[in-house]
Structure formats: structure tokens, C-alpha cells
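To start, the structure under review is shown below, and the notes come after it.
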Number of protein chains: 2
Amino acid sequence: MPKKMKNRRPADKKTRARRLSASDRKLQIIESAIGLFGKDGLKGTTTKALADAAGVSEGTIFKHFPTKEAVYMAAFEGRTGQDTRKFVLELEQLADKGQDEELIQRVVRAILFGYGRDRDLHRMLLYVRLGQSDQENQEFNNRLDQTGMPAFVSRYIAVRQQQGVFVSGPPAILAEMMLGLPIQLATRSKLFGIDLGVDDETLVELLARLCLNGLRKSS
Amino acid sequence: MPKKMKNRRPADKKTRARRLSASDRKLQIIESAIGLFGKDGLKGTTTKALADAAGVSEGTIFKHFPTKEAVYMAAFEGRTGQDTRKFVLELEQLADKGQDEELIQRVVRAILFGYGRDRDLHRMLLYVRLGQSDQENQEFNNRLDQTGMPAFVSRYIAVRQQQGVFVSGPPAILAEMMLGLPIQLATRSKLFGIDLGVDDETLVELLARLCLNGLRKSS
DNA sequence: ATTATCTATAGATCTATAGATAATGC
DNA sequence: ATTATCTATAGATCTATAGATAATGC
């Protein structure tokens, strides 16, 4: 390990951060914090690192948040399940028209690309999952299930079952599976950086096909 | 947060740990460390906690390992992919007899129960994944793929494809999916403690059915 | 004059080491 | 006599606070 540099050049004199309104600064701190928490987790991220990433002093961090945990919480709360609402509406329409293939492909693609785009956030969510108690995870899950994707997919599967198109089984569990499969692949590929050896669009097609094949009654 | 107890009773006088051979002590430290690393990760686990869990002093920890990271590494190396070898041999036989259903159920069951049994270890592996660079994750994965489940499942799928039973597509990716689905459900249910609302055996059946259905050509 | 920022530092850990103490096996 | 353990502590962080300094808007 490299010893800490003792004779730091006085050259990099601390330039005072541009003055922002309290609420803007909070948002900016949170935004840059997600990158750090996503990379190293709560315990692995120091308040010094948070300060540097935000371009302010440690004192400023604590002016806006009482503790490091508060930054963590704010980062995690602030970015949980935002704009799924509109997306679900689009999916409803495809569902009505019975376009299973197209619908599933969209869901899968959204997951895969979402994990790629918001890598830091999703890595942080994994850290949050690992850091929470089982009880907290359960509650967190109930909150996510309330609205959003899992509920929609569950309803969709139930309808297709009644129409005799999909296999039987508890819709909620089948939805877990239909979402879980792309999530797992996205986690490995996008969050852990494991090269699966195929490009994203091919992966989407393969995932969608496997899901749909699995859900459809084999005639 | 509770203030640190100042007046600790002299009652709980440190009882000197039973003397073990160096190699036994190392193993015992590793074993108890997995629980801590699995719960709180590398950064969230202090050397004091490692010492307490092993029932020795901090000095003793450092007598056996040069750094905390060394304990982490040893814990993670020591328990990676051990007895899959025999299990794979059993599976080979089922594969030869063309018993797809039975084979997939066994694989799924092994994953689900394995995650339940070795919860700490698998939680720790998740922490390791998150803490590693993409490059390190790739190397780690290549090492795991060399032997063991992924390679076997990949071969098995390739054979069934040639026999015209399974859908087309890169066997390695299809294997990722067939293993990834149960892994994702096991992660949520066993590692995060999310209640999926079905018992394990039902879950195994549902997972196996979806996998097999997904892989088989729909006639 | 109010609000945001920085500087300096206290106090609490946390990792790691050195040297003392106790147990084991020859 | 050798090996394992413990005690005490140094030095390095790390979190959080108090008070000084600078920018903004009235």
C-alpha cells in the first residue's frame, strides 16, 4: 500500500466551492454520493470521499446532513422507482392487444438497459439489500411491489392464465421469475462486469424467448 | 447510539482461549469470519469483531493473518466450489438417460437449498462481487466456469440441442439463464430474506417447469 | 444580516505491532 | 524450548462539531 503522501504540494490550494442554495447542494451531494456508495458501500465510503466527490469540505457535508447514514438514506430514498409509472401504462396497452412477445421484450430491455445506465444506483441497491435485516428487506419489497412492475406483470400473467395462454401457478411467483431472470443476467453483466459473450440486443431476444416459452402452455 | 459502556464489570474476565495448533486456529478463525463478512462485508467487519467471534484476542488474529484482508481472502478462497464434482457426476447420468425434468429439478433444488444452508458464504460472495473490479469478476468467473456447474449445464444443453429437443441459441448463455433464474430467486428468498409466499418444494417445481418449458422446443 | 462554506480539531474507533505470559511437547 | 496466546498501545483514520470566513441578497 502506498504510504500517505506527506508533502502535498501547496499548489492544489483548496478552491472554495461555488455557493449553491441548500437544497441544490443537497441534491448535488446525493448525486455524487450514489457513485461512491454504489462502488464501495456505506462502510467503504468515508465522509472525506463524499466531500471530495461533491467538491466541498467535510464540514459542508455535515451542514446538510446530520450523519453519513443520512446521506446514504437520502441517496437511496431519492432514487427509488421513479418513472416506471408511464412505462407501465405503455405496457398495459401491449397487454390489451395480446402482444406478448413485444411486451416481454420491452420489459427485459428496460431492465437490462436500466442496469447499464444506472449502474451506480443498482449497485448501491444491492449494498442496501445486503445491509438491511430480513424484516427491512421484506418491507422494502412490499413497498416496491405496491405499484410498479411486479404488480403489473403479476396482473398480466393472471389475465393470460385465465385466457388459457399461460401455464398455471401463482402469478406473483411467475412474475418474480419473469423479472428475476433478466435482473440476474443484468446484475452479472452490468453490475459485476462479467462478459456474457453476446451483445445486448441478442441477449434481450434470448431472454424474452426463454421467458415467453416458459410461460406459455406447450400445446 | 448507545454510549460505550465505561464501567465494564471485571466479572467477565477474559478467559484465555483454548490453545489450538496454528492450522486449526486459522481454520476456526476463517469459519467464524464467514459469518461476519457475510453479514457486514469486509469494511463493515472490524478485527475486534473477528477476534470476538473466534473467541481470541485481536493480537491472535494478526498472529495468524498479516492483515484483515488476508482473513477475507482466505475465507473466500477456502470455500469456493468444493464438492460440486460428485454432484456433477450424478447429473451426467441423468443426462445420459434423458431425464430432463429430474435433472433440472435437482439443479434447482441444489441451488435453493445450498443458498439456505450456506447463507453467510453466499452473502459474502455477493460482497466479494461488489468489491471486485470488473476485471477481477471476469477472472473469478472464468475460474468458476472452468469446472463445475456452468460447464456441465452448457454441455448438457448443447447435446439436447443437437438431439433437436432444446431451442437453439448459444449454450453458454442458455446455461447462464437456466442457472441464473434459480440463483436470483434463491438470492432474494434466502440471502435477503424476502418471503416469496410459497414453500421451497413448490418453488423448485415452478422453477424447474419454467426452465424446462423455456428450453424445450414448443412442438 | 443571512446563508453557505471552510478550517481546525476533538474524540472515537480501528488496524497492526511489540513484548509479556502461559501452555505444550520433547 | 517452542509455540500460542494475551495485554497494552502507537499511529492512522474517521466522524462530527465549533467557530471563523466568505459570498449573497435585501
Side-chain angles (χ1 to χ4, degrees), chain A residues 1-8 10 12-30 32-33 36-37 39-75 131, chain B residues 1-8 10 12-30 32-33 36-37 39-75 131:
Chain A
M1 259 172 258
K3 189 154 281 179
K4 194 194 166 179
M5 210 178 7
K6 257 292 151 57
N7 48 350
R8 52 172 172 277
D12 44 350
K13 181 144 52 89
K14 183 67 54 85
T15 136
R16 187 168 264 256
R18 191 163 71 84
R19 208 183 137 101
L20 296 183
S21 78
S23 64
D24 281 358
R25 179 63 76 196
K26 272 180 98 155
L27 288 177
Q28 183 245 349
I29 289 170
I30 285 173
S32 57
L36 296 177
F37 287 135
K39 188 169 184 305
D40 302 321
L42 170 61
K43 293 299 179 62
T45 302
T46 65
T47 54
K48 178 67 163 49
L50 289 175
D52 289 349
V56 298
S57 71
E58 282 188 77
T60 296
I61 297 289
F62 285 104
K63 214 67 181 189
H64 294 286
F65 298 92
T67 63
K68 185 175 78 164
E69 279 72 17
V71 185
Y72 193 63
M73 288 303 176
Chain B
M1 259 174 257
K3 189 155 280 180
K4 194 195 166 177
M5 206 177 14
K6 258 292 152 59
N7 48 351
R8 52 174 171 275
D12 45 349
K13 181 143 55 87
K14 185 65 59 82
T15 135
R16 188 168 262 255
R18 190 164 72 84
R19 209 182 136 101
L20 295 184
S21 77
S23 65
D24 281 359
R25 180 63 75 196
K26 272 180 97 155
L27 288 177
Q28 183 245 351
I29 289 171
I30 286 173
S32 58
L36 296 178
F37 287 135
K39 187 168 186 305
D40 302 321
L42 170 61
K43 293 298 178 63
T45 302
T46 66
T47 54
K48 177 69 163 49
L50 289 175
D52 288 349
V56 298
S57 71
E58 283 188 76
T60 296
I61 298 288
F62 284 104
K63 214 67 182 191
H64 293 285
F65 299 91
T67 63
K68 185 174 78 164
E69 279 73 16
V71 185
Y72 193 63
M73 287 305 174

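Naming: A, B, ... by sequence-line order, numbering from 1 per chain. Everything numeric here is computed off the predicted structure, so don't read it as measured data. Computed over heavy atoms, backbone and side chain alike; hydrogens, waters and symmetry mates excluded.
- You'll find that the side chain of B:Ser57 is closest to D:dC6, out of C:dT15, D:dC6, D:dT15.
- Counting to the nearest Å, the P atom of D:dT7 and the NZ atom of B:Lys48 are 11 Å from each other.
- Considering every non-hydrogen atom in both A:Ile29 and A:Ser32, the closest pair reads O-OG, 3.1 Å.
- Residues passing the side-chain contact (heavy atoms from CB on, under 4.5 Å) test with B:Ala17 are B:Arg25, B:Val56, sequence neighbours excluded.
- How far CG of A:Leu27 is from CG of A:Leu20: 10.0 Å, rounded to the nearest 0.5 Å.
- Residues from residues 18-28 of chain B lying near DNA chain D, meaning a heavy-atom separation below 4.0 Å, are B:Arg18, B:Arg19, B:Leu20, B:Ser21, B:Ala22, B:Arg25 in numerical order.
- Scanning for side-chain contact (heavy atoms from CB on, under 4.5 Å) contacts around A:Ser21 gives A:Ser23, A:Asp24, with sequence neighbours left out.
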Dot-bracket summary - DNA chain C, pairs being Watson-Crick or G-U whose distances fall under 3.5 Å, with | when paired to another strand: ||||||||||||||||||||||||..
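- Between the C1' atom of D:dA23 and the CZ atom of A:Arg16 lies a distance of 8 Å, rounded to the nearest Å.
- In this structure, NE2 of A:His64 is placed 15 Å from P of D:dT17, rounded to the nearest angstrom.
- Residue A:Thr60 has no polar side-chain atom (N or O) positioned under 4.0 Å from OP1 or OP2 of C:dA4.
- Listed nucleotides D:dC6, D:dA16, C:dC14 differ in distance to B:Ala17; the shortest reach to its side chain belongs to D:dC6.
- A donor-acceptor pair under 3.5 Å is absent between the side-chain atoms of B:Lys68 and the main chain of B:Thr46, judged by distance alone.
- With sequence neighbours excluded, no residue forms a side-chain contact (heavy atoms from CB on, under 4.5 Å) with A:Lys63.
- The nearest heavy atom of DNA chain D to A:Leu42 and to A:Lys63 marks one nucleotide each, and the one closer to the 5' end goes with A:Leu42.
- Rounding to whole angstrom units, NZ of residue B:Lys68 and P of C:dT13 are separated by 15 Å.
- The CZ atom of A:Phe65 sits 20 Å away from the P atom of D:dC14 (whole-angstrom rounding).
- Legend: ring-ring contact (aromatic ring centres under 6.0 Å, His included) pairs involving residues 44-75 of chain B, not counting sequence neighbours, sorted by first then second residue: B:Phe37-B:Tyr72.
- Here the CG-CD1 distance, from A:Asp52 to A:Ile61, works out to 9.0 Å after rounding to the nearest 0.5 Å.
- Checked against C:dT5, C:dT17, D:dT15, the side chain of B:Phe62 finds its nearest nucleotide in C:dT17.
- Looking at the side chain of A:Thr47, the nearest of the listed nucleotides C:dC14, D:dT15, C:dC6 is D:dT15.
- As a whole-Å value, the separation of A:Asp40 CG from D:dC14 P is 12 Å.
- Residues B:Thr45 and B:Leu50 form a side-chain contact, since some pair of their non-hydrogen atoms from C-beta on lies under 4.5 Å apart.
- If you measure from atom CD1 of B:Ile61 to atom P of C:dT15, you get 11 Å, rounded to the nearest angstrom.
- Side-chain proximity of A:Glu58 to C:dA16, C:dT5, D:dT15: nearest is D:dT15.
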